[in-house]
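Below: the structure, in structure tokens.
Start at 1 and go down the list; that is how both ligands and their atoms are numbered.
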Amino acid sequence: MWAELLPIGRSSASGGYRRFAWTGADADCRAWFRQQAEARGLAHEVDRNGNQWAWLGDPAEGNAVVTGSHLDSVPDGGAFDGPLGIVSAFAALDELRAGGASFTRPVAIVNFGDEEGARFGLACVGSRLTAGQLTVEQAHRLTDGDGISLPQAMEAAGHDPDAIGPDPDRLARIGAFVELHVEQGRALDLSGDRIGVASAIWPHGRWRFDFRGEANHAGTTRLADRRDPMLSYAETVLAARREAELAGAVATFGKVAVEPNGVNAIPSLVRGWLDSRAADQESLDTVVGAVQKAARDHAAAHGVDLDVERESFTPVVEFDHALRDELARILGSDTDLKVPVLGTGAGHDAGILSGRIPTAMLFVRNPTGVSHSPAESATEDDCVAGVTALADVLEGLACT
Ligand SMILES: [Zn+2]
């Protein structure tokens, strides 16, 4: 499976993947998924929102056990983020069927569309539409960097954009969704475990900081006369790092815009975006509150005006406790794997669906912790351990 999948959408320049929603590379990934389904005699379907499903058993029976992930990528993403969950799902199903497993519930493998949001700027579009967390009107307004709208892109790829919308009947037929994913951090590497179970997705948000000063000549303006917003911005970046360390959280200024953006001009505006995430709401509030206070203090000291606006926010997602405990029990019972339960700072389709159906996640160790980069990695032994764990989980949930 990897041999066929790895060349698709790979940039020879960076070695990373560019599999953006509704592009040619995405279509090639989807063709691969369909082939894998049909080669196994699984019923293949594409739902109204462009998510792909491969069914073993009759979905109409309900209480289905679903596993899978996504095949799209961020710009120059790694090989495992998403595809590992789908390859492992097919491999786990193969293992169970080869062992003569007898299924008591329908099982499906899913490829959620447009998980990374690399093209239209919003993550998890396929699962959000399905869960009704993104309205049709909002989806129709999404455009990519070339001004192509989501409906235009869908239509060009052969998907009917008028069909999109909430899919409560589909969700009602699913009893559990388990997503296997490469870990996007080093917790398992540090604990020495191959496999972990997710406890929660950290609350996270984005805040825009506008520091406004006065543009002037970089050569002729005395230091004492300047109102330079770059200075207060720089001190705020350092404060974010300090406050995140104190709270055991993360805080990142990863995007910045400067006006007039000239080498020989003192800036009039520095606009920076803070992304911050923490294990709980109180820690996140503490970090963001302290960063805002530092920004205000430093802005005042430099005669700079400050506006802060929260642009997006996602509260904590607690995965279903009963399903999580069931996974830990299944994985602990007949192996001596001890299964650590981890929080994660990254969003996933499983997080979107968790408000509607019981969901859980399995993580596979990533020795460097690097993700959203060509350097993302997982060893073959760990990937095999992931398949075995997923097969155990599917057997425990869906077989007699
Ligand atoms: Zn992912």
Side-chain angles (χ1 to χ4, degrees), residues 1-2 5-6 8-10 16-23 25-26 29-30 32-33 49-52 66-90 109-131 133 177-188 195-202 204 250 275 277 314 317 319 342-354 359-378 382-383 386-387 389-390:
M1 283 188 272
W2 284 117
L5 196 53
L6 285 174
I8 300 175
R10 188 169 184 270
Y17 288 92
R18 298 176 182 178
R19 296 166 174 162
F20 308 144
W22 307 110
T23 61
D26 190 43
C29 288
R30 289 166 175 274
W32 173 89
F33 183 94
N49 296 311
N51 309 306
Q52 274 181 302
V66 178
T67 184
S69 190
H70 61 94
L71 292 174
D72 69 323
S73 78
V74 297
D76 290 325
F80 298 95
D81 177 355
L84 183 63
I86 293 181
V87 169
S88 300
F90 282 118
I109 298 172
V110 63
N111 167 29
F112 279 111
D114 200 359
E115 195 271 349
E116 298 287 7
R119 183 169 176 191
F120 297 99
L122 179 69
C124 302
V125 167
S127 58
R128 277 185 208 273
L129 279 167
T130 300
Q133 280 193 22
F177 174 55
V178 180
E179 179 171 1
L180 178 147
H181 205 279
V182 68
E183 196 197 354
Q184 296 171 295
R186 288 189 58 220
L188 292 173
I195 307 295
V197 174
S199 57
I201 296 178
W202 289 11
H204 54 277
V250 289
D275 174 308
R277 309 168 189 224
T314 309
V317 172
F319 288 110
L342 317 168
T344 173
H348 296 284
D349 293 311
I352 301 295
L353 296 184
S354 69
T359 62
M361 290 191 75
L362 290 174
F363 292 126
V364 172
R365 176 164 59 184
N366 173 349
T368 61
V370 173
S371 189
H372 287 185
S373 148
E376 180 185 85
S377 70
D382 289 355
C383 292
V387 171
L390 186 59

**Item:** Over all atoms of both residues, closest heavy-atom pair of Leu84 and Cys383
**Value:** CD1-SG, 3.7 Å

**Asked** Is the shortest heavy-atom distance from the side chain of Phe20 to the side chain of Pro75 under 4.5 Å?
**Response** yes

**Prompt:** Which protein N, O or S atoms lie under 2.8 Å from the Zn ion (ligand 1)?
**Reply:** His70 NE2, Asp81 OD1, His181 NE2

**Message:** If you take the centroid of each ring, where Trp contributes its six-membered ring, are Phe177 and Phe319 closer together than 6.0 Å?
**Reply:** no

**Item:** Residue of the set Thr130, Asn111, Asp349 for which side chain to side chain donor-acceptor pair (under 3.5 Å) holds with Asn51
**Value:** Thr130

**Prompt:** Going by heavy atoms in the side chains, are Val364 and His181 under 4.5 Å from each other?
**Reply:** no

**Item:** Shortest non-hydrogen separation from Ser354 to Val317 and the atoms involved
**Value:** OG-CG1, 3.0 Å

